[in-house]
Every structure is written in structure tokens, then in C-alpha cells.
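Below is one structure, written out as C-alpha cells, with a few remarks after it.
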Amino acid sequence: MSGKDYHGKLDVENGRVDLSHGSGGRAMAQLISGLFHQAFGNEWLARCNDQSAFEVAAGRMVMTTDGYVVSPLFFPGGNIGSLAVHGTINDVVMAGARPLYLSASFIIEEGFRFSDLGTIAQSMGVAARGAGVYIITGDTKVVERGKADGLFISTTGIGVLADGLDLSADKARIGDRVLVSGSLGDHGVAIMSTRQNAALQVEIVSDSASLHDLVAVMMAAGGRGIRVMRDPTRGGLAATLNEIAHQSGLGFRLQEAAIPVKPAVAATCELLGLDPIHVANEGKLVAIVAPDVADAVLAAMKAHPLGCDAADIGEAVADDHKFVQLATSFGGGRIVDWLSGEQLPRIC
Amino acid sequence: MSGKDYHGKLDVENGRVDLSHGSGGRAMAQLISGLFHQAFGNEWLARCNDQSAFEVAAGRMVMTTDGYVVSPLFFPGGNIGSLAVHGTINDVVMAGARPLYLSASFIIEEGFRFSDLGTIAQSMGVAARGAGVYIITGDTKVVERGKADGLFISTTGIGVLADGLDLSADKARIGDRVLVSGSLGDHGVAIMSTRQNAALQVEIVSDSASLHDLVAVMMAAGGRGIRVMRDPTRGGLAATLNEIAHQSGLGFRLQEAAIPVKPAVAATCELLGLDPIHVANEGKLVAIVAPDVADAVLAAMKAHPLGCDAADIGEAVADDHKFVQLATSFGGGRIVDWLSGEQLPRIC
Amino acid sequence: MKYADEFRDKTIALGLARAIGAEAGPRRAYRFMEFCGGHTHAISRYGLEELLPANVRMIHGPGCPVCVLPASRIDMAIRLVERPEVTLCVYGDLMRAPGSQGQSLMRAKALGADIRMVYSTLDAIRLAEQVPSREVVFFAIGFETTTPPTAVMVRIAEKKRLRGLSVFCNHVLTPSAMHSILENPKMRNIGGVAIDGFVGPAHVSTIIGTQPYEPLVEQFGKPIVIAGFEPLDVMQAILMLVRQVNEGRYEVENQYSRAVTRQGNRRAKDEVSQVFELREQFEWRGLGLVPNSGLKLKRAYAGFDAEARFAMHELRVADNPACECCAILRGAKRPVDCKLFGTVCTPETPIGSCMVSSEGACAAYWTYGRVRDDQVRRLS
Amino acid sequence: MKYADEFRDKTIALGLARAIGAEAGPRRAYRFMEFCGGHTHAISRYGLEELLPANVRMIHGPGCPVCVLPASRIDMAIRLVERPEVTLCVYGDLMRAPGSQGQSLMRAKALGADIRMVYSTLDAIRLAEQVPSREVVFFAIGFETTTPPTAVMVRIAEKKRLRGLSVFCNHVLTPSAMHSILENPKMRNIGGVAIDGFVGPAHVSTIIGTQPYEPLVEQFGKPIVIAGFEPLDVMQAILMLVRQVNEGRYEVENQYSRAVTRQGNRRAKDEVSQVFELREQFEWRGLGLVPNSGLKLKRAYAGFDAEARFAMHELRVADNPACECCAILRGAKRPVDCKLFGTVCTPETPIGSCMVSSEGACAAYWTYGRVRDDQVRRLS
Amino acid sequence: MCLSVPAKISKILPDDMAIVSIDGVSLEISIALIDELDVGDSVLVHVGYALSKIDPTEAKRTLQLLQELGSAGQEP
Amino acid sequence: MCLSVPAKISKILPDDMAIVSIDGVSLEISIALIDELDVGDSVLVHVGYALSKIDPTEAKRTLQLLQELGSAGQEP
Ligand code: SF4
Ligand code: SF4
Ligand SMILES: [Mg+2]
Ligand SMILES: [Mg+2]
Ligand SMILES: [Mg+2]
Ligand SMILES: [Mg+2]
Ligand SMILES: [Mg+2]
Ligand SMILES: [Mg+2]
Ligand SMILES: [Mg+2]
Ligand SMILES: [Mg+2]
Ligand SMILES: [Mg+2]
Ligand SMILES: [Mg+2]
């Protein structure tokens, strides 16, 4: 809302959200204009409609949504806002699409600090601008204390696909190579280390990042040889490859030695009894690519700052069981399953 | 996910959501396929990608998002699921657009009953199909007990605009008529009456409904003479008209006697010290229309089941203050302001 | 709504307006104070001032229990509800009332205090039954109308042995406040304009009757008409006041004979006198300390008295010096006379209590009166 | 990671595998039980079974504290945490352990119980300090390795006078369980195949040393090699067992000399004996009541004993009759021998505790072993 | 002040409680402050309590008076 | 059972506490179960406690033995 004329300035430094900021009154308009529009500022939001309109060319579009409930809201390498923008952009670009617009729905717990909300909104603005994407519509709800966990953000993204492009998990073919864009488990370990009490200190930051540009160079190098891309978020690499296996009806055979994992991530996982291939990533992708373009795509990835640790970790194989199998660095073999339920720290 | 092969059946009757249903593992896949896909079932979801692709013709599109945090989740006339679909469709159609696709982001509190979630998802499916809209992508997060209020849903909608159409609040012109599609305050009063303890019983159901078809007949009758449409949700008619006033730089002059309010809504408001023009609606619209088409549009509305109580309640006027003024039924006049903060029951 | 809609008739209103205009004539100005915020609300809500002749002016009095509650009592309540064992039950309008530092129960709640909005003392009883391990404190405010429900609650709590329920009592008395306004010589004649009479609140009189106003009328020579809250009730009362003034009478008249008697509601008065007794004095925002104007729980009910039970310290807080509430509540100034009105002080950022309640004089002006005042300003 | 990576070397592993193959020869079959779930995990995680010759078969023993915890103890904990004043601290792996009706702490939490996952007893101490008004109960499980940290916690709580902290003790003893397996004549020779020796858990022996196994070796004539948990440690231990069998020896040997001695950790043993004493018997899932196999708090620490403090009733719950955990934990059957495996009983819907812990024999088979078993099934 | 609404008693309940109804709304209130009350009586309801009965004769009288005053003021 | 990880003592703290570090991870643990300990020692860490020191000489010996056994089994 433009109207300086009908509401005063928000005390971003000291103020807190209360129920009046979600009630459709002047306080809400003040919050939206004083904080969100300022952070996201663009021509669509400035029109203050309950929806935003934009031009598209004829063709194929994609739409994706994700809810962000990360705790803590601020973590090494980002916050819930940058995460919400990166994550949704990534789901758009995993289809090979160019991201265009985002929407953002905020559910805020009464008592939340404006200053924190401001920082988060600013991060969203920065993340969106960095990807050439605009947050063109949004919504703000405030719930009573104890009915949310500070702040939840749901972002939805839309993008356009190049002509005829159709990346989908069911496109994987026997013999395809499995590429990952970098080391696994950084985000999950960064979050776990802040969630654990101060006893655990890990020198690791979340990998949260938008992969639009990495994907662009991959597409340039691999073209239609890129069959599937997916970001291994919740459930990690294991969940992502199991999903693709079940959607494509294939199995995968991976080389454990080829899978990049940072020493600090490996050590944290050993300490807590976890496995890095089950841990979440927020700035990594898995690509299933035709064997004839795999090397070119991998080279392109390695030349990109977000793919410098990229690796070819295995291949798609015929398998009625749709198993993801791993040749261990030790010389044995095992199945990499979905996680059963949450990954819990173990004592044994 | 299709895979009967890799996860068992959900006990929808007796089961409850726990943290494992949000962790990216097999339990989550089971929830999504056993409950959401079953309720929304369409070809896009069936492909189980993290985003969905669809064809569009060149032109202008709209995007909107809203978070739904209604309490109680089930209320006379609907539930959070039907509300989330209707509300987002309405924000699309208020732009004059034809709604195409929805996304849905679920944030679920640990312990939530599958049976309730199933009912809600079914309602969403019914509401979407009723409007010819598909829920093509979604997301599920589970948070710990006490970190949410049962269930929050954020829905995002996209739609296409007819060529050259540009409904926006800044299009209102002096002399335009203000039409409302029916009685005000039904949704808010239905919610309040269930929130109050059992002492208060109100024979009113929420007006929650998708207005796509009503808008279609209005557009047919009024064409480009329809300048602005908006659904008076939070903050009610008062907030909506104040918003439009500030975006258009005009004032409005309303006739209180012309504003439809059901007796039970009026009586509940008197009891609680509220004003129906501040109370939320979820199946009503306000249209600002050129005077030469106002009668035709109103007639078309009255002929539609969702507009049978439609009324012409006033006009846009030149006003530097951008005030919404009301000629009271009593013969006096007053300003209809935004609500300051939440509308609270009064004792005096 | 029966007994409401009939008293909102536009045709009668227009006739009545002409009758007032005719009887008030152009000879003199009339300044009447509607003591009660409910009347202020009705005047604004129905746009009555537009119907009145220019020489009949309404002054908004201190009759909103939220407006007159001093910041110190809000501070005390916030301090109380910081105790982890306390659940505070409040009427909704109190949520935004500002304490001495701009804090409010709404913000205290946002910061984690357990505060529940209730519609009725019956809700507080139900809550106390549901959570027997909590200290449920009912934040009692209001004039004589709202006091009997608090008394009934205390008596039910006693009968049901609801040991977890108590009352933070802030009930105040209407005639005492009116007396305080009238006995201040400056107040009787400000800017050369006297208050010529009072519209008295009918709902208070359903309980106390009209009789308690008789000594005031005698002592100060100002007419009082006890009036209902429908717009025609208010207009009729204004006409009755104009007639008393014109005829040189000063009497207590009862416009609201359909529910008010001279004696009031004996049973309700009994309930109140069982449970409550007079405080020697009580602070009113805008009026300062007014003798015999507040109630507290009797010693026999000390167990239900939150102030005793939680050893709540009385606080003294100076009003914001820039705020003109004091003069406005006394009818000495109008909201636009305050430098803060509409700039620093708005309904979102209320400074004085007149801006807090939607019936406070400043809030009512902000919401309903700006057009005319703005016109006034531009003309002057 | 130093002292870990070196013991995961693939080249050495391949050589070691050939050495085992050569020494085991084709003459006879070898059946070794790895008692401990940690060894089961290592075997699966590194795919060791693929490296072993076909005639050397590993049997997964009862050495996972979650697996052996009877449903009754979960039921007792759930009943305890239904008390509104109780906060239960648990190690993460316990969250999904099934009670008698398929309930779990995870579900109890979803239904509102105040259950916190902790990494260490130090976390429980911190929590008890933070919420002094709550009853913080630590759900203690584990073998000799995990018992000293519980003892230290109790002694710190005593020193700091943390009156809100107590222990629900479920600590159990490794040698007693091994004894129970060996003394059952059926168990010694099942389906005509004897258990030829044990891989013993090194981490238990860092505390108790190797000595407590000496009487077992004497009494039952089975070799025991105390082994570390890196894959080369396990392979070396298997080679050492093959050699003992080939040479007709039955001794306690210590593969993990880098951290295990014959006497163990005196200070840790002292801490444990200060706080705990033997229970006459304790129930193990799969083994039934085993004499002298569990610990409880000494009378001097009864104030920290949740069972005493909350008068927790001992429960007795029959195991699910279809579940073969009993035989599997004793090494008498394999997961695929259970009719429920992979159909009714999966990691999402565990019936027996062998499916609950990721180290439980059935869960390990489900996650890591299905390919081979499936091939076995198709061949048979 | 003291928001009160006129409502009709539709049911008397035990323990000094009653149901009032107004235009499709029903509300359970306390009638502890009123001496005698019958179904059909109208009362003023404030914060969940009946404050006083409304006297229909007096109401009619007031309305008549208002109508007279109103038509006296009417333009011819 | 009894997940334990070898880690190096990087700092001794008061009250029987210490900091261990492993590959960029540091963890505050209790050393109440160990008699004598110096910075630079390696310990086995289990549920936040040091269980025992790791003897570097024995570790080297075991590793040597493993290498011998491994190369003995090596194909020529
Ligand atoms: S405008 Fe605000 S500061 Fe001024 S008198 Fe009114 S309440 Fe007080
Ligand atoms: S598969 Fe399940 S039921 Fe069968 S033995 Fe294993 S845990 Fe028991
Ligand atoms: Mg998504
Ligand atoms: Mg995603
Ligand atoms: Mg919205
Ligand atoms: Mg940390
Ligand atoms: Mg994704
Ligand atoms: Mg919207
Ligand atoms: Mg909306
Ligand atoms: Mg998602
Ligand atoms: Mg109700
Ligand atoms: Mg809208």
C-alpha cells in the first residue's frame, strides 16, 4: 500500500507483531507497506491488489509450492526467508524452467519481533533479486502465541519451460549417469548443530542457494540429455533417488567413494549416528543424465561456483525392486533405503 | 506417489499425524499418496514431481496467495479446506481472470487426526472440481505439538485474463456504482458463534463459496464497465472500500439502508458490540462498476444463486480525504473507517 | 430486533430534529454532556450531530469505563499476569487500553501472558472450573451496570468453592463522577459556555434507578435526563433537556421508562452490596482521585480479592502531559483541541484513553467526526 | 577421522577376506553371533557379508538396548508421561520403540506428552536446571557402556540438589544375556547348527574389561573375541574366531587392545556401583526374565528413582505371538523366517522390536539385506 | 457504555439461567439479577446477564410520544 | 550398540568437562569417567562422555597386524 497518508511508521526496531497486524485493519496495512513492500519492492506489489497480473508467452509453465517451518529461523548460511526463496526457485528450475514470479504467505506468531521479520523479508528480497525473480503477491496472517513457531512461510513459484522440454522423474533411462552438484548434508548438519545445545559446534554453513544459474549452464551443456533434476532436500539423496527409482521403475547403483561429503558433516553424522545420504540439502541437485552428455554436464557443473564439488556418483540400472544400491568404499554393498520416519540421533 | 509397492495403507480412520509424516521418508509418501492424491487426484499430481507443468496460451495471467489459519477448522458452512480453495479462487476471479491451477502447502501439527485431514482434503477436492480448477502441486510439513494450531493451509492460485482486461483498484472513477453481491458478515459471525462457548447459538452458516461463475455472468453483463472487484474478507466491507479508496484516490458514499445484512448477523453484532461492515465474508464480492452498466450487472447478479441478495449500495465520489462515508438509515452521516486492530467484542 | 428497530425510525427522527430545532430556537446555545460513552457511540453511529441544530452541541463525557481507567491499573494488571500461575480474563475492549509506557494487555499477551477475552463473568466461571490448577483473575471494570454480574460471579465462586477464581476490582460509580465534574468550578463554565444539562445513562439506571441523581440536580441546578441508547431515545432526551432549560427547570427526568424506575433493580443492588463496599477514593483517568467513586470487595470476600491475594501494590502514574484527555473527559475541550490528535495519537498508537476505546471521545472523533472537524479546521 | 578411517581400508579388507576364506577353508561351516547391534550395523553398513565366504555366517544377537526393552517398559513410560507434571527425556532411538498396543513415545508425543529427545544425560541435567518446577525423568536404557553416564548424572543431580530430576532405569548387563543364550540347551544347537563363537562388543568392555567373559568361556566352551566397530575390527575378530575354532581353543581374546583392557575402566565401574545395584531379574524382549541382568538405583538414591517416586506399577505384557524376535534375538532364526517380515511388519509399522531400531536385526535386514534374501527366496 | 440488547426469554433453565433469542440468535444468559420472569418477557441483556425487564406498556407509550413529537416537528 | 566416536581432546574445562574435536566439529563432553587426560589425547566419546583413552601404540600395533593379515591374504 502506498498510503503514507493513512497509516504511520512501523517501529521496526522495537516493535512486535500482535493480533492486530493480521486483522485486515490499518495496523496490517502498515506492516505490509512498512516492511514487506519495502523489502520486496516491485511494481506488482505496489498496486496493492489481492492478486498480481503479468504477461506470459504461450507455452509450458511450471508451478511449485513449499512450506518452510525451519527451526531455528536463523542459522549459519541463511534464514527462513532466504531458504523459502531459494527452495522454491530450485523446485522451479529442477524442471528446467526459468523462474519468473513468487508468492509468499506468512503465518506469524503473535509477539514476533518486527526487527527479525524485517531481516527475513530483506533476505527474501535479496534472494529473489539475485535470481531475477519477483515476489509479486503475498499474504500475512497472525496467530495467537503458542499457535505457531515464530514464523512459517509458504512460497509458490512459477516459471516458463523452454519449448518441448519435459524433465520428469519418469524420464530416467537405464545407463543414465547420476550426478550430484556438491557435498551432501551441509544444510541438515548446520541446522542440527544449532538445534543441539551449545555443546556441539560445527564449522559448517547451510548450502542454501538458488540453483537457477547452475541449471542454466547444465542445460547449455547437456540439452535434452538431461532427463531428471531434483534437489535432495528432506530425506536427502536417499529419499530423492528412491523417489526417482519408483517413478521411473529403475534402480540405481552408486559408488560410495564418489559421493562428496565434507569431513565436518561426516563427523557430525558419526557423532549423532546419522547417515549423510539421509540429511537435507538446500543448494544441491541430483541430475540423471544420458551417458553421452554426462561428462560435458559434469564439466560444466564443476566450472560453476555452485557445482565445483560436483561428482558422477553412479548409474541407473534395470531393477525390478527399484532399489538404490551402494557399493561401499569398503568393498561391500548395501541398499540405500528411504528413511523410516524422522532421522533421529542414535546412541547405538 | 503411485507406489503401493513401497508403502502400506494409511489408517485414515484412527491414525494421527506424527513428525515422521513430515520428514521426507516413507511415512510422508504414504500420507501424500494415501490422502492428498486420493482427494485431489489429477494427472499432474500423479507424476509426483516437486513441481507441475502445464500449457498456457500467450497473454496475461494472475497469481495470488493466501494463508488460512481459521479456528475452528470446521465451521457451519465449510472447513479450512473448502475455505482455502474458495478464497484463493476468489482472489483470482476478482481480477476478472479464469482460475486454472492451485497449489496447496499444508503445515500440520503433530497429533492431527488423519480422519480430519481426510475430510478437509476431500472438501478441497470438491471445491476445486466445482470450479474446474486443479490442485497440481503441494507440500506437507509437520511441526511439533504446540507449534501450530492443528492445521494451516496456504493456497496459491493462477489464472488467465481475457485479452486486455485489467481490473485493479486504481481503475475506480467518480460516479461509479458500488455493488455488493449479498448479505455481509455471514462468515465472520458463523466463526464467532462457534468460537464463543456454547452459550451463543446463531442460525447462520459461512458464505464460503467460489465466485468464478458469478463473476462470469457479471463480466458478460458489464464487460469493461466493471472496473474493480474485490472480496471483502478480513476487515469486511469497510476495509475493502477504504483500500480501494486509497488506491484510486476517490471517496465512496454509501447508503446504509441499501447494505444487505441478515437479521441474525445484525443481532449477533449488536450483542457483541461489533459492526457487520467490519466482519469478514468469504463468498461475497464488491464491484465498482461504471454507472451505465450498473443496472445490467446488478440484474445479472440477482439472477445468479450467489448474487440473489446483491445490491447497489452507493457510489464513488471525489474526495481528497479518500473517506468512505455512510448515510445512515437514521438520516445522519458518518465515516466508515478501517478497523483499528482486531475487532474485539465490546461490553460498552 | 424488537424494542430497538422501532427506536431507529428515520421519519420520526427527522420530525424530532425539527422539533428540537424549533424549540431550541436561535436565541441561545445549548451545551449538553452525554456522560456515557454508549451515548457518544449512538450519536456517532447514527450521525445524530448532523440532525441537531448548530446551537445544540453535545459534549462527550467520561462515561466509558476503559477511558477512565488510569494507566496505573493497567500496569498493575500487566504486572499481575506476569506471574506464571495467573490467567487473566478481560472484556475485549480492555485489550488495547494503554498502560503508562504504551504497553497494553494485547502486547502483554503477544509477549506470552495468559490473557483470555471473555464476553461474560459466566465465561470466567467456566474457565476457572476447567483449569482448577490456575489462578484465574477476572479484570472487573465498568459502572453500576456491569458491577452486578461481577457480584454474582463472586457469589457463585463462593458457592462452588472455586478457590482459583478472584477479581481485580475496578468498578466505579456514575453519580460520583458526575459530582466531580460539577463541583469543579472551572468545569461548570469553560470558555464562557456552561454545561446546560446531562444525558444520563439508562443502563446504569436500570440498576440504581433515577433517584441517586436527585441530590446532584438539587445541588448544582443542572437538569439530567436518563435516556436509552437508541437514537430516538437520545433525541427525545435532548428535546427534554432543551425544554427544561427553556423552562428554567432542573429535574431528573426519565426518558427510558420502559426499563428504568426511580428505585432501580433491588435484587441487583442487594447482590452488589453483599460483595462490594466503597473505596475511600479511586483514581479516574482525566478526573484524578475522586472520593467514594470506586468499589472494592468486602472483607468477607477478601479471598476473592486479587489485590489482597497477590499483594498487588498500588501504583501511581502521571498522565502524559501533552494529552488533553483530562479536559476532554470533563467536557472542557474537544479532541481537535489536542495537539497530538491524529498525528502522534491515533487509534493504532493511542496516547490517552480517549483514543483507546472505540467509544472514547478521541476515537469516536477520529472514526466518525473527521470530515466535519476537518472542514471546521479549513474554515478557521 | 583418526582411529576410524584407517580401519575402513578397502585393500586391507579384501586381503583379510581372502585370509578368512583361506583359513576357514571349505571343510566346515562357521556360525558366529555378533552379540551387539553396533556390530550388526557395521556388518550391514559396510556390506561385510558380501566379503565373507559362504560358510561363515553371522547371526545377529540381542545386543541392541531398544530391541531388548520389553513392551511393558515402554507402556510404563507412556503411563508415566501422561502425568502432566512429567517431562520425559529419551535417547532418540527409543522414540519409535513399540509398546504393547503399537503405541510409541513418538505417538504419545503427538498426543501431547512432554517428551524431549536428548543426546546425553548432560542435556537432561541442563533441562532440569532450566525448568525446576517440572518433574524431569530420564528414560535410562543401555548396556554397561551407557550406564556410567547415567550414574554420573545422578551424582551431579545429588550434588546440585536437582530435586526435579529422576531416572527410569532400564540398564542391562551383557554377560548375563550371553549366559542366558548359552545356558538354554535349545539355543546352543538349533537346526543342527551350533553357534561357534561370539564377537563381543568392545565399547562394553572399555568399561567392564574382558574379564567378565572368562567364566562364560570356561563354562560353555565357546570362544569370544572382543572387537571394535570399524569394519576391519570386525573382520579381524572373525578371523580370530575362525582360528580359535580351527585350533579347538575357546578363549576370551581382545581385538580392541587400543581401548580395552582386561580390567576395564575402574573409575566408571566405581560410579556405577555407587549408584546402582543388581535387580534379581529383568525382562528382556526375546529372552524373557533373565536373572541378575538388570540394574536399579540403590536405596541411597531412591529419591532419584522414578519407579519409586511415581509409584510406577510393574506391567507384564505378552509378546506378539506371531513375532519371531524371540528366536531371532537368540540367533535361532533369521528375519526372513518370520511370516510378518516385510509384509505386516515394516520399519513404518514395526511389530517386534527387531524392526524398531535401525540396528534391530529385522530393520537391518529390511534396509540392507533385502536383495540377497530376495535372491535366496527366489532360488529356494 | 454498558452495551445492552433487548431480547426475549424463550426458555427458563435451572440455576437462574435462561435462553433468550433475538432474530435467529439464541444466547444462554443468567437471570440471577431479575426477580420474576416468564417465557415471552423481554429483558435487557448486558455481558450475559439480564439487567431488567422491559415494560411493554411503557415502551408503547414512549413510542407513541416519539411519534407525536416527530409529527409535531414534521413539515406540513 | 553404544555408538562411540574417537575424538581428540582440544581443551580441558573445569568440572570434569572438556572440548573434543573431530574434523571441524567440536563437542563439549564430560570426562568424569576418565582418570587422567591431557590435551592431544584421543578418547572414545559415547553419549557426551569420554569412555576411555585410546592407546596410540596399541592402535598402531593393531593396524600393523591388520596390514600383515591383509597382505598375507592378498592375491600374489
Ligand atoms: S488525541 Fe490522544 S493524546 Fe490527545 S486528548 Fe485524545 S487521547 Fe489524549
Ligand atoms: S519381522 Fe517384525 S514381527 Fe517378524 S521377527 Fe522381526 S520384528 Fe518380529
Ligand atoms: Mg515444492
Ligand atoms: Mg522443495
Ligand atoms: Mg490475503
Ligand atoms: Mg551448536
Ligand atoms: Mg524439490
Ligand atoms: Mg491473496
Ligand atoms: Mg484473499
Ligand atoms: Mg515440498
Ligand atoms: Mg456456539
Ligand atoms: Mg481478496
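Residue numbers begin at 1 in each chain, while the letters A, B, ... track the order of the sequences. Everything numeric in this text was worked out from a predicted model, so none of it was measured. Quick note: numbers below take in every heavy atom, side chains included, and nothing from hydrogens, waters or symmetry partners.
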Value for CG (D/Asn265) from NZ (F/Lys53), rounded to nearest 0.5 Å, stands at 11.0 Å
With only heavy atoms counted, which part of D/Leu232 is less than 4.5 Å from chain F, the side chain, the backbone, both or neither?
both
Pick whichever of F/Ile22, F/Ile34, F/Thr57 has the most heavy-atom pairs under 4.5 Å with chain D.
F/Ile34
Bottom line for D/Ile20: the part with an atom under 4.5 Å from chain F's heavy atoms is neither
dist D/Met235:CE -> F/Leu69:CG (nearest 0.5 Å) comes out at 10.5 Å
Check F/Pro56 against D/Tyr3 and note the closest heavy-atom contact, atom names and distance.
CB-OH, 3.4 Å
Interchain contact, D/Ala22 with chain F, by part (heavy-atom threshold 4.5 Å)
neither
Do D/Val260 and F/Ser52 touch side chain to side chain, with heavy atoms closer than 4.5 Å?
no
Side chains of F/Leu44 and D/Phe229: does their closest heavy-atom pair fall under 4.5 Å?
no
Considering only heavy atoms, which portion of F/Val43 lies under 4.5 Å from any heavy atom of chain D: side chain, backbone, both, or neither?
neither
Search all heavy atoms of F/Glu58 against all heavy atoms of D/Ser257 and return the closest pair with its distance.
OE1-OG, 2.5 Å
Below 4.0 angstrom, N of the basic side chain to O of the carboxylate: do F/Asp16 and D/Arg267 qualify?
yes
Count the heavy-atom pairs under 4.5 Å between each of F/Leu65, F/Thr62, F/Ile54 and chain D, then report the option with the highest count.
F/Ile54
Using the side-chain contact (heavy atoms from CB on, under 4.5 Å) definition, which of the options D/Ile125, D/Ile156, D/Leu122 pairs with F/Ser30?
D/Leu122
F/Asp15, CG atom: more than 12 neighbouring heavy atoms under 6.0 Å:
no
Is it the side chain or the backbone of D/Gln255 that comes within 4.5 Å of chain F heavy atoms, both, or neither?
both
Side-chain heavy-atom pair D/Arg266, F/Asp35 within 4.5 angstrom cut-off
yes
Against chain F, label D/Arg155 side chain, backbone, both or neither, depending on which of its atoms sit under 4.5 Å from a heavy atom there.
neither
Give, as side chain, backbone, both or neither, the part of F/Val25 having an atom under 4.5 angstrom from any heavy atom of chain D.
neither
Pick from D/Thr145, D/Val152, D/Thr146: which one makes a side-chain contact (heavy atoms from CB on, under 4.5 Å) with F/Tyr49?
D/Val152
Could you measure the distance from the NE2 atom of F/His46 to the NE2 atom of D/His203? Nearest 0.5 Å is fine.
9.0 Å
Output the distance between atom CG (D/Asp9) and atom CG (F/Leu63), rounded to the nearest 0.5 Å.
8.5 Å
What part of D/Glu6 gets within 4.5 angstrom of chain F, counting heavy atoms only: side chain, backbone, both, or neither?
both
Is there a side-chain contact between D/Thr121 and F/Val47, using heavy atoms and a 4.5 Å cut-off?
no
Are side-chain heavy atoms of F/Leu66 and D/Leu16 found at a separation under 4.5 Å?
yes
